[in-house]
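Working notes, structure below.
Just so it is clear: chains get the letters A, B, ... in the order the sequence lines come, proteins before strands, and each one is counted from 1.
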Amino acid sequence: MNESPDASPDAESDLLSGSGLEAEKAKRLAKLDDIRTNGNNPYPYRFDRTHTLSEVRAEHGELEPGTETAARVSIAGRMMLKREQGKLIFATVRDRSDEIQLFVSKAIVGDQAFTDIGNLDLGDWVGVEGIVMTTRKGELSVRVDSLQLLSKALRPLPDKWKGLTDTDTRYRQRYTDLIVNEEARRTFQVRHAVISSFRRTLHGHGYIEVETPMLHLEAGGAHARPFITHHNTLDMTLYLRIALELHLKRLIVGGMERVFEIGRVFRNEGISTRHNPEFTMMESYQAFADCSDVIALTEELIVNAARDAIGTTVVTIDDHTVDLAQPWRQARMIDLVEDAIGVAVHPSQPLEKLRAVAGDHGVSCAPRWGTGKIIEELFEATAEHKLVLPTFVTGHPVEISPLARADRNDPHLTERFELFVGRRELANGYSELNDPVEQRIRFQDEQLAKDAGDDEANGVDEDYLRALEFGLPPTGGLGIGMDRVVMLLSGVHSIKEVILFPTLRPEVF
RNA sequence: GCGCCUCUAGCUCAAUGGUAGAGCAGUGGACUUUUAAUCCAUUGGUUCUGGGUUCGAGCCCCAGGGGGCGCACCA
């Protein structure tokens, strides 16, 4: 006997007659005991199936109503619905590929098996052997000859019709979300297809996939606050990476010519519908290419991903129907600002003039901001929110682009772009700065900002400079936020919908 | 970090400050072609937590917690 006071016979019978969660679990645990008492294992080690459910449907989907075939199949899945009807039981089982109906006849399986099947609970995993048939109404079914419990579910599923809508529970118990919400399954299928498509496109262009460190001595390549960690044996501070850029360009120095990485980066910043502390970036670098090649690649990657993941290039962005296959707009940042405010801006203008323009448009400038930073802030305040249709914003000021090469026609701007879709930044790329002397000056400017208290600024990365001194060929680089691409293509509005286990506060049990 | 909204049965939701309810799930019963099966009966509650106001609080007030949205942050 269980020594727990809760397990006294009275308490146990109370539990078995009730219907709260604890009572439900108690009933199902009691069923487990019965199964074991009868010499069966409720958690067998394996099951051989001959068909996935979609394969059954593909082979037999055209049967006339009331057909019984001779086709014998073994299938496996989770029981989602059960309809008992006297000496018949209809049940719906689902595997990854599809759903199918089980047709259970007491006359065929026998009294004991019929009782056992009737005792199954929604959520249980089952393996079934039987023949393929259709009912009088034409529903494709497997007529059960034998059924084996593959794993017992102790908890009840959410409402079979209303499902699970509580966002907190959906994110914390993603397994439950995936069981009951078709949309969730579809979103993560889209995510898989997008990532797979990116790899295919890049491989098609001769890119090599690489993996670079996540633990960095210096968190560079982007402007963000890092997560800080510690290595015990080496007794040193390490930073989780905030970008992939600097290691990948070292590989271009090494002669790998075309490399990419799809991987997690970590930024110790706020959480919103567009930001998760860990998210997935794709970065690619191509020797002998420049910004214009990268723009073309970006468009190709996303258009291919749309075709591969959702079967169309037509997506809905806010209320607009957009065909991504149409060429995307390109516009310089300074021109977008001028369009928005009617005043021409340029980083070469006097600082005081730009500060005044910024003030006119509600942008308050920090003392250390230069003209380039002010222009970026003006852009974000006045123009960025208009960029619903895919737009490559180009020509960012040098000041805010420490790793990008200066425009060949304008030393104050860079050969850089950011892609905006639906007001969200999706991608960022440029002609890479490969002059080590110039790069050192840019790093030193960053270091000054860092020393002045900017905890998102990077210091001087001496090893990266050493690499550049061995010669980085002309290179075009690209970074794409994969989560946001998935959001675009799957039509969801929160990044938490495309991350299986988004960052949440700890749950209290 | 700030503002607004939200939290009731396993799930989805009700309930003028006046006995906490429904549907689904569960349990018992009927039913050999159901489709969210149907029909009859039925179990199930620390109303997120802690204070307060009140004769009386799921509801009003205060504090705290979780979540959502917006802002801030965000190359």
Side-chain angles (χ1 to χ4, degrees), chain A residues 14-28 65-66 80-92 99 101-108 114 121-123 133-141 143 153-173 176 179-180 220-225 242-243 245 267-277 279 333 372-373 376-377 379-380 393 396-397 399-404 414 416-418 424-425 427-430 446 455-458 479 481 493-494 496 502 504-508:
Chain A
D14 284 352
L15 267 184
L16 291 177
S17 63
S19 78
L21 178 59
E22 289 310 312
E24 185 63 29
K25 285 166 73 172
K27 281 174 212 158
R28 297 188 185 205
M80 299 305 296
L81 293 170
K82 195 170 67 166
R83 300 175 286 280
E84 296 184 67
Q85 221 247 303
K87 297 186 176 64
L88 291 180
I89 298 172
F90 299 91
T92 303
E99 294 183 346
Q101 175 168 271
L102 301 184
F103 177 95
V104 186
S105 164
K106 193 171 191 174
I108 291 173
F114 192 78
D121 291 295
L122 302 187
M133 57 165 279
T134 52
T135 62
R136 284 177 202 162
K137 296 271 178 63
E139 179 76 25
L140 182 67
S141 307
R143 195 201 71 197
L154 296 183
R155 289 175 181 264
L157 294 179
D159 189 285
K160 67 181 179 184
W161 187 239
K162 301 279 187 170
L164 177 67
T165 60
D166 182 72
T167 50
D168 190 21
T169 310
R170 287 186 48 236
Y171 298 151
R172 287 186 196 280
Q173 302 181 31
T176 315
I179 290 170
V180 299
H223 204 188
R225 283 158 64 192
I242 59 173
E245 176 156 1
R267 297 186 182 179
N268 204 341
E269 287 158 356
I271 295 175
S272 76
T273 50
R274 291 169 289 280
H275 302 268
N276 196 66
F279 62 102
M333 180 180 281
K373 176 66 176 168
E376 181 191 36
E377 294 288 331
F379 164 74
E380 290 179 2
V393 177
H396 298 58
E399 179 190 344
I400 58 165
S401 313
L403 298 164
T414 56
R416 177 179 173 192
F417 72 88
E418 287 180 304
R424 286 193 282 265
E425 182 196 341
N428 179 25
Y430 32 86
E446 281 275 296
D455 53 10
E456 291 162 358
N458 303 148
H493 297 100
S494 170
K496 290 188 176 73
L504 298 170
R505 286 192 166 84
E507 185 177 5
V508 177

Using a 4.0 Å heavy-atom cut-off across all strands, classify A:Lys373 as base, sugar-phosphate, or nothing.
-> nothing

Provide the distance between the two [atom1] atoms, one in [N] and one in [M], to the nearest whole Å.
N: B:C61; M: B:G23; atom1: C1'; value: 34 Å
N: B:G58; M: B:U49; atom1: P; value: 11 Å
N: B:A22; M: B:A15; atom1: P; value: 15 Å
N: B:U42; M: B:C24; atom1: P; value: 14 Å
N: B:A41; M: B:C31; atom1: C1'; value: 16 Å
N: B:A57; M: B:C4; atom1: P; value: 27 Å
N: B:U43; M: B:G26; atom1: C1'; value: 8 Å
N: B:G44; M: B:G51; atom1: P; value: 27 Å

A:Glu507 CD to B:G66 C1': how many Å, rounded?
-> 9 Å

When the distance from CD of A:Gln173 to C1' of B:G67 is rounded to whole Å, what number comes out?
-> 14 Å

Starting the side chain at C-beta, find the nucleotide from [options] nearest to [X].
X: A:Thr273; options: B:G66, B:C69, B:U32; result: B:C69
X: A:Lys160; options: B:G26, B:C24, B:A72; result: B:C24
X: A:Ser105; options: B:A25, B:U32, B:G68; result: B:U32

Between protein and nucleic acid, restricted to nucleotides 7-9 of chain B and to nitrogen or oxygen atoms under 3.5 Å apart, what atom pairs and distances do you find?
none

Qualifying residues under side-chain contact (heavy atoms from CB on, under 4.5 Å), relative to A:Thr165, sequence neighbours excluded | none

Check whether the side chain of A:Asp159 and the base of B:G10 form a donor-acceptor pair under 3.5 Å.
-> no

Does A:Phe90 have any ring-ring contact (aromatic ring centres under 6.0 Å, His included) partners at least two apart in sequence or in another chain, and if so, which?
-> A:Phe103

With sequence neighbours excluded, residues passing ring-ring contact (aromatic ring centres under 6.0 Å, His included) with A:Tyr430 | none

Distance-only side-chain donor-acceptor flag, A:Glu418 / A:His396, under 3.5 Å | yes

Pairing string, 5' to 3', for RNA chain B - Watson-Crick or wobble contacts under 3.5 Å, brackets [ ] where pairs cross, | to another strand = (((((((..((((....[..)))).(((((.......))))).....(((((..]....))))))))))))....

When rounded to the nearest 0.5 angstrom, what distance separates CG in A:Leu122 from NZ in A:Lys160?
-> 7.5 Å

For A:Glu99, check salt bridge (charged side-chain N to carboxylate O under 4.0 Å, His left out) against everything at least two apart and list the hits.
-> A:Arg94

